[in-house]
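Just so it is clear, the values below take in all heavy atoms, side chains as well, and ignore hydrogens, waters and symmetry mates.
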Amino acid sequence: MRKLTSFAAGLLFGLGLLLSGMANPAKVIGFLDFAGAWDPSLALVMVGAIATALVPFTWAKRRERSLLDAPMQLPSKRDLDGRLIGGSLVFGIGWGVAGICPGPAIAVLLSGHWQVVLFVLAMLGGMLLFSALERRRTC
C-alpha cells in the first residue's frame with residue numbers, strides 16, 4: 001500500500017509540475033528574468049503550493065505516525081549554515097542556467113530532449129559526488 005501511495009503522490013506531483021508550467025524551461029527562465037519580460041505566473045503557483053501544504057504540514061507536526069502507520073519523518077534542523085546556503089546557491093544557479101530543477105526534469109525525462117537527459121545525468125553525477133564527499137567528511 002505504501003508503494004502504491006508513493007507512486008500516486010509522485011504521479012500527482014509530476015502532473016502538477018506539467019500543468020503549472022514548472023516543467024517548461026522557457027516559462028521558468030521567464031519567471032527568473034526580472035530585467036526583461038518577467039512572467040510572474042509561477043509566483044502564483046508557488047504561493048498556491050505553499051498555501052496548500054500549510055494544513056498537512058501543521059497536521060503532520062502533531063503526529064508521530066503517518067496515515068499508513070509509518071514513522072513521521074519531518075526535518076528537525078532549523079539553523080542556516082554554510083552547507084545549506086551553498087547548496088541553495090548551487091541549486092539556484094543551476095535552475096537559472098538550465099531553467100529546470102530535479103522534479104520537473106524527472107517529469108519530462110521521457111520527452112526525448114537530449115538537454116533533459118544531460119541535465120538528469122549531471123544531477124545524478126552531482127548526487128554521487130555529494131555522497132562521496134559526505135562519506136569522506138564523516139570518516
Residue pair Pro25 / Ala98: nearest heavy atoms and the distance that separates them
CB-O, 3.8 Å
Locate the shortest heavy-atom distance separating Thr138 from Arg135; write the atom from each residue and the value.
OG1-O, 3.2 Å
What distance do [X] atom [atom1] and [Y] atom [atom2] have between them, rounded to the nearest 0.5 Å?
| X | Y | atom1 | atom2 | result |
| --- | --- | --- | --- | --- |
| Asn24 | Leu17 | CG | CG | 12.0 Å |
| Leu129 | Leu124 | CG | CG | 12.5 Å |
| Trp59 | Leu54 | CH2 | CG | 15.5 Å |
| Arg83 | Arg137 | CZ | CZ | 4.0 Å |

Is [Y] close to [X] at the side-chain level, that is, under 4.5 Å between some pair of heavy atoms?
| X | Y | result |
| --- | --- | --- |
| Ile106 | Met123 | yes |
| Glu64 | Pro71 | no |
| Leu67 | Thr5 | no |

Would a single hydrophobic cluster contain both [Y] and [X], if residues Ile, Leu, Val, Met, Phe, Trp and Tyr are joined by side-chain heavy-atom contacts under 4.5 Å?
| X | Y | answer |
| --- | --- | --- |
| Phe13 | Leu42 | yes |
| Val120 | Val117 | yes |
| Val108 | Leu12 | no |
| Leu121 | Phe119 | yes |

Begin with the C-alpha distance, continue with both residues' side-chain angles, and end with the deciding distance and a verdict on side chain to side chain contact (heavy atoms under 4.5 Å, CB included) for Ile100 and Val28.
CA-CA 7 Å; Ile100 196 163; Val28 172; over 6 Å; no
Strictly distance-based, threshold 3.5 Å: is any side-chain N or O of Trp38 a donor or acceptor partner for the main-chain N or O of Phe31?
yes
Sequence neighbours excluded, every pair satisfying side-chain hydrogen bond (donor to acceptor under 3.5 Å, both in side chains) that has a member inside residues 39-48
Lys27-Asp39, Lys27-Ser41, Asp39-Ser41
What residues, two or more places apart in sequence or in another chain, satisfy side chain to side chain donor-acceptor pair (under 3.5 Å) together with Arg62?
none
